There are 2 protein chains.
Amino acid sequence: MTDPSPSTKKRILDAAGEIFGKMGFKDATIRRIAMAAEVNIAAINYHFRDKEGLYGEVLEEVFRTGFTRFPATMDLPADAEPRERLRAFIRAMFYRLQSGEGWGGIAGKGKLIARELLDPSPAFEAVLDRYIKPHKDLLTAIIVDIMQFNPGPEKVLPCAISVIGQCIYYAFASAVIGKISAGDAPTEANLDRLADFVWLFSLGGIEAIKQTNFPAKDSP
Amino acid sequence: MTDPSPSTKKRILDAAGEIFGKMGFKDATIRRIAMAAEVNIAAINYHFRDKEGLYGEVLEEVFRTGFTRFPATMDLPADAEPRERLRAFIRAMFYRLQSGEGWGGIAGKGKLIARELLDPSPAFEAVLDRYIKPHKDLLTAIIVDIMQFNPGPEKVLPCAISVIGQCIYYAFASAVIGKISAGDAPTEANLDRLADFVWLFSLGGIEAIKQTNFPAKDSP
DNA sequence: AACAGAATAAAACAATTGTTTGAATTGAGC
DNA sequence: GCTCAATTCAAACAATTGTTTTATTCTGTT
């Protein structure tokens, strides 16, 4: 029941990840998934109860493999130079989101993650607690280390959001980015360049926030 | 034919904008739209040919009204201090995306824009040329002014992407942001604060990029 | 008043959806 | 070799979808 034949259930999960990613929950039909996985339609309901059950397991597996393959520390020791830890964090995000070994960007399962951010499914709640919240805590700790003191959440959290926002936006809008600025759409070849840009930009942004009194009532 | 009764067609457009925004193209059924607009189902096909035709007109109207109500210059003169022009640009993005007078954020038509960025519909191409590309050109011009010289597109364009990325991310992921950092989800009340944060952060980022040699092969 | 074309309405259409049914097949364990 | 549960399969189900059809009402012009 919990450990079925290694073939059918796993094949369904793989095909479903691909197709849910490309087309979204609604457009991905179980007939299409079944055809891609080369299984009978009823096998999906048999193994996963219903379409939502299948989606939930796909989501969990996608996050698990992504964060396992590209951990946010990039195997950097926890006491490394904080700016390098930020660099590793950003690089991990880019590789996790965009690379073929990761979620494959907008052409693959990256789209599935983007869609969950846009409007979360019921299954997303679990993923949020297990992966995203610890991920956020790590980033805020890095930012505090870079600032060399803790300026309070009203500065640190928006910084974290800005860092993550840049990374996600590349994954999210790469179709439009490609049409507007062809060289800056994320590809396997320029992930390092893009990640380093976001890193440098963010270091400047964090430094600026550190030195300003924010929120401020008056405009400079 | 082109200028029908001011009631029916307009009512369909309004209801469709609302419902397409909330539920996406696929989940928004014409029956639901017809019911919300209080018109007969067939009226939609009569006035807009088919569902795709309706969606195309909705998209065009949403962008037109959004950019008209909140122009990226915020009525600032073109020769104003470049940093203030950046502030106006970012503020316009936040208000356009998030405010009730604009696209109403993730609860309203903002979701529709986000979905188009994620995977563009055929109707998006026109919107891209008419609204988004000029918008990008304006931002890059502001960035060049801030840097006081033109460091070339390999620096300016990623800066523009980082600025826009932060703004869009707040619109895009506000559901998740709210769950992770409650005070930083965009609401009508804190748009100014968030916009100013992104502004300060971006000024720091732009300054940092200006002073670095990028792209660089070596890591600092 | 009479007509023509635009606009609205109710009903039906064909296609596709997720799910279920019930029979056939497989594969260990005794 | 038999049994029984787990699995797979083909077929059918009910519900929902976008669209079309046909008839009716409205509106402005002669």
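Residue numbering restarts at 1 for every chain, and letters A, B, ... go by the order of the sequence lines. This one's a predicted model, so the numbers in the text were calculated from it and none came from an experiment.
Counting to the nearest Å, the P atom of dT17(D) and the CZ atom of Arg32(B) are 9 Å from each other. One can place OH of Tyr46(B) at 15 Å from C1' of dA23(D), the figure rounded to the nearest angstrom. Taking atom CE on Met35(B) and atom C1' on dA10(C), their separation rounds to 14 Å, with Å as the unit. Taking atom CD1 on Ile44(A) and atom P on dT7(D), their separation rounds to 16 Å, with Å as the unit.
The side chain of His47(A) contributes no N or O atom lying less than 4.0 Å from OP1 or OP2 of dA6(D).
Using cut-offs of 30° and 60° for the angle between ring planes, the Phe25(A) and Phe20(A) rings count as parallel.
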What is the per-nucleotide protein-contact pattern of nucleotides 18-25 of chain C, from the 5' end, where B denotes a base atom under 4.0 Å from a protein heavy atom, S denotes such proximity for sugar-phosphate atoms only, and - denotes neither?
BBBB----

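Within 6.0 Å of atom CZ in Arg193(B), more than 12 heavy atoms from other residues, nucleotides or ligands are found, so the atom counts as buried in its surroundings.
A cation-pi arrangement is present between Arg96(A) and Phe67(A), with the terminal nitrogen or guanidinium carbon under 6.0 Å from the aromatic centre and inside a 45° cone about the axis.
Put simply, the side chain of Asp192(B) reaches to within 4.5 Å of the side chain of Tyr95(B), judged on heavy atoms. With a 4.5 Å cut-off on side-chain heavy atoms, Tyr46(A) and Asn40(A) do not count as touching.
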Please tabulate, one pair per line, all N/O donor-acceptor pairs under 3.5 Å involving side-chain atoms of residues 108-119 of chain B, not counting sequence neighbours.
from	atom 1	to	atom 2	distance (Å)
Arg115(B)	NH2	Gly21(B)	O	2.3
Glu116(B)	OE1	Ser121(B)	N	2.8
Glu116(B)	OE1	Ser121(B)	OG	3.3
Glu116(B)	OE2	Tyr55(B)	OH	2.3
Glu116(B)	OE2	Ser121(B)	OG	2.9

